[in-house]
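These values consider heavy atoms only, across backbone and side chains, with no hydrogens, waters or symmetry-generated copies. Chain letters run A, B, ... following the sequence lines, proteins first, then strands; residues in each count from 1.
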Amino acid sequence: MRTHEMRLAGRSVIGHVVETEDDLPAFADWAKQHTELGFDNETTSLDIYQPGFRLRASQFSAGAESWFLPVERHPRFAWYVTQTLRHAKKLYIHNAPFDLQVADRCLGVPLGELFPKTTDTGILSRLVDSRDRKEGGTGHKLEELTAAYIDKVAAEQIKGSVREQCKALKLTKATYFKQVSLDDEFFQIYALMDPVLAWVLAKTLDRKIPASARRLIRYEHEVARICSEISKKGFLLDREYTTELAHNLRLDGEEALQIIEAEVEKLDLDPDDFNPSSNDQVASVIQLLGFSDFKKTPKGKDKVDDALLEQLASEGMTFAKAIKDYKKAIKWASTWPEAFLANADENGRCHANINTMQARTARMSITGIPAQTLPSADWMVRRCFLADEGEVAASVDYSNMELRVMGALAPDPVMIAAFKRGDDLHLLTARAAFGDHITKDDKERKYGKGANFTKAFGGGVNAIVAQYGLPLAAAQKVDRAFDDTYKGVTSFSKKLQKQARRDGYIETATGRRLYVDKERPYSALNYYVQSSSRDITGAAMIRLDKAGFTPMMRLPIHDEVLFSFPQRDAHELAHEAGRLMTQTVGGLEVPTDPEVGGRSWGSLYGADY
DNA sequence: TCCCCGAGCGCC
DNA sequence: AAAGGGCGCTCGGGGA
């Protein structure tokens, strides 16, 4: 047995290192005396489902005492960790979805068993202040929270110690965690401190959660548990199709590159010195070809975007067309199919990492498979993912969720009545602006739609013009018509802005506190709508879970849940999921639209398989 | 070499 | 009066 004495916020912390099996009884004695435990793992990497992933060590803490168990050294250590997890009444973990998926996969303790007794300090932190550090919040990393709430110096030391060790050992951070010896003193101290911090943070943060948001604590842990189950299950990748797609996109890129090089040579430039992915270089070539009327980026550089390349291509500039083709092919290949293939586990399943409260509005984000950003105008990329064997892809999405939530919660009687009648809200706005003769095929309806969305995002006339390319006068008209027609929304926005200016934050329909930047009070309405909408999807996932749908869920995507259903019952299940997800807010129903496709996700977007 | 930012583009 | 919200990913480029 080895012990380390550490300091935290002026107090002494004792860390015990279990080195041999002889040390286990002492650990067991200690563990028996504590029902509430901080917990953390050290692993080879963050890619839980990649081959070669291992749990290296686990640590427990109670108050200012912590223990380190070298799990990878012998199954007996793992067994003690398992028993301790099972017998604990409460667990305090920072970013529990990670550590509980690790425990599930590497120790065989189901995450569904541990989640109900876990308090995740990441969740608590986001309920206290959802903002990231660069947005003016504390941030949510363990170091950031330690610095903000416990001990600035200790936070620096913890972070610094790993960096110094990497330097001293000439390792990158990634290889450090794979290779560092479990006997390494710095590593042990670093590891021993983490569960202590989780413990202290759990107590500290709990007291700081606003009263209105307290009821969200259990709810957010439920959402996190369900999303962890979804991550664990994974989404089946069609490897053959995906490989071919990646290959074809690369070929397209090669072809475009040859044209680019030929064009560059014509200008007496060395193609080897030209990088088609560099906008600076592309801009200078375009200038040589005679175009110089660039729009500027915020930092004052020549703006080279799709719109410009498209314009130049249509004017006959071969170079511009080839750059456009090249960028799309290369970007698509590396962002989608190649990333999927790299992410897939040995069974061909991709495990997306779902950050259930990532955005400052608590909207979810998904990394690994950046599932929320796949092209939707084209089925090509979504075709990569399949329902399980014998199953079909299905989706249930909400109809007009954010506009309905905005109308219902403002409340805005005109909007509510329109939705209840089943009217076309975009047409309604267009008619208010441009006259009752407008029909749904007129371009004015698009302007109405533009105003509806832009206003919900907190935008003004300029935003409508920028997005929808209509004359300024028309934009002013439709902007004014929106304010006059939906007076409830307008005054609600004012009320939120007033609150934001007065308190620095607003409170959503579910009691969540959202801080609003001083310079951007107009964003309050959008925060309110986006966050309240997110909670409708969140609550729906809990209802789906209770009804047994979790094993069939594949991804949550903002206002939509994607499923894999057994083929025979797919329509019935989709209908039932749609019924469960439907929710009434402020007397207005937010209806759902269940859709059953074929084997692939792409089939819901037009693919024939 | 690593890390962070800007630019651009994908989605809701 | 005016104010477009929230993300993830890739690449290039600059600074430590």
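- Within a heavy-atom distance below 4.0 Å of DNA chain C, the residues of residues 476-512 of chain A found are A/Q497.
- Closest to the side chain of A/Q358, from the set B/dG10, C/dG8, C/dG6, is C/dG8.
- For the pair A/R554 and A/F385, the cation-pi criterion (under 6.0 Å, within 45° of the ring axis) is not fulfilled.
- For A/Y522, taking side-chain heavy atoms from C-beta onward, the closest of the listed nucleotides C/dG5, B/dG10, B/dA7 is C/dG5.
- At the heavy-atom level, A/K327 lies nowhere under 4.0 Å from the strands shown.
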Under 4.0 Å protein heavy-atom contacts per nucleotide of nucleotides 10-16 of chain C, with B for base, S for backbone only and - for none: SSSS---
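- Ring planes of A/Y241 and A/W379: tilted class, angle from 30 to 60°.
- In this structure, A/F291 and A/F294 have perpendicular ring planes: the angle between them is above 60°, well past the 30° mark.
- By the 6.0 Å contact criterion, CD on A/Q258 is open, its count of non-hydrogen atoms from other residues, nucleotides or ligands being 12 or less.
- Each end of the helix from B/dT1-C/dA16 to B/dC12-C/dG5 gets its own axis from five base pairs, and the two axes differ in direction by 10°, given to 10 degrees.
- Qualifying side chain to side chain contact (heavy atoms under 4.5 Å, CB included) partners for A/S533, counting only residues two or more places apart in sequence or in other chains: A/M401, A/E402, A/V405, A/V529.
- A/V304 comes within 4.0 angstrom of sugar-phosphate atoms only, judged by non-hydrogen atoms across all strands, and of no base.
- Regarding contacts with the backbone of C/dG6, every side-chain N or O of A/T361 stays at 4.0 angstrom or more from both OP1 and OP2.
- Closest to the side chain of A/R363, from the set C/dG5, B/dC11, C/dC7, is C/dG5.
- A 4.5 Å side-chain heavy-atom check between A/H558 and A/R363 finds at least one atom pair inside the cut-off.
- Taking atom CH2 on A/W332 and atom P on B/dG10, their separation rounds to 7 Å, with Å as the unit.
- The CG-P distance, from A/L562 to B/dC12, rounds to 12 Å in whole Å.
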Yes or no on salt bridge (charged side-chain N to carboxylate O under 4.0 Å, His left out) for A/E507 and A/R513, after CA distance, side-chain angles and deciding distance? CA-CA 5 Å; A/E507 206 176 275; A/R513 178 178 290 188; 5.7 Å; no
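- Side-chain atoms of A/Y527 and A/R360, non-hydrogen and from C-beta on, do get closer than 4.5 Å to each other.
- The nearest pair of heavy atoms linking A/V585 to A/A408 is O-CB, 3.3 Å.
- Rounded to a whole Å, the OH atom of A/Y605 is 16 Å from the P atom of B/dG10.
- Using bins of under 30°, 30° to 60° and over 60° for the plane-to-plane angle, the ring pair A/F453/A/F457 lands in the tilted bin.
- Nearest nucleotide to the side chain of A/R360, out of B/dG10, B/dC9, C/dC7: C/dC7.
- One can place CZ of A/F340 at 11 Å from C1' of C/dC9, the figure rounded to the nearest angstrom.
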Walk me through whether A/R480 and A/D484 qualify under salt bridge (charged side-chain N to carboxylate O under 4.0 Å, His left out). CA-CA 6 Å; A/R480 214 173 311 122; A/D484 291 343; over 6 Å; no
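- The closest side-chain donor-acceptor pair between A/N526 and A/K455, if any, does not fall under 3.5 angstrom.
- Taking the centre of each ring, A/F235 and A/H351 stay at or above the 6.0 Å mark.
- At whole-Å resolution of the value, CD in A/Q372 and P in B/dG10 are 17 Å apart.
- DNA chain C is contacted by A/F457, A/G458, A/G459, A/N462, A/A463, A/Q467 of residues 444-472 of chain A, taking any non-hydrogen atom closer than 4.0 Å.
- Between A/K134 atom NZ and B/dG6 atom P there is a gap of 11 Å when expressed in whole angstrom units.
- Phosphate contact (OP1/OP2 of C/dG5, side-chain N/O of A/S523, threshold under 4.0 Å): absent.
- The shortest distance between the side-chain N/O atoms of A/R520 and the OP1/OP2 oxygens of C/dG6 is below 4.0 Å.
- Using a 4.0 Å heavy-atom distance criterion, A/A377 is classed as a sugar-phosphate-only contact.
- With C/dG8, C/dG5, B/dG8 as the choices, the nucleotide that has an atom nearest any side-chain atom of A/N526 turns out to be C/dG5.
- Contact annotation: A/Y527 reaches the phosphate of C/dG6 (side-chain N/O to OP1 or OP2, under 4.0 Å).
- A straight line from CE of A/M380 to C1' of B/dG10 spans 14 Å, rounded to a whole angstrom.
- Nucleic acid contact class of A/L525 (heavy atoms, under 4.0 Å, all strands): none.
- Only the C1' atoms considered, C/dG4 is 14 Å distant from B/dC12, to the nearest whole Å.
- In A/K449, the NZ atom is not crowded: 12 or fewer heavy atoms of neighbouring residues, nucleotides or ligands sit closer than 6.0 Å.
- Residue A/S365 places at least one side-chain N or O closer than 4.0 Å to OP1 or OP2 of C/dG8.
- A/P521 is linked by a side chain to side chain contact (heavy atoms under 4.5 Å, CB included) to A/Q497, A/R501, counting only residues two or more places apart in sequence or in another chain.
- Summarising the geometry, the separation between CG on A/D302 and C1' on B/dG6 is reported as 15 Å, rounded to the nearest angstrom.
- A/K518 NZ: 12 or fewer foreign heavy atoms inside a 6.0 Å radius.
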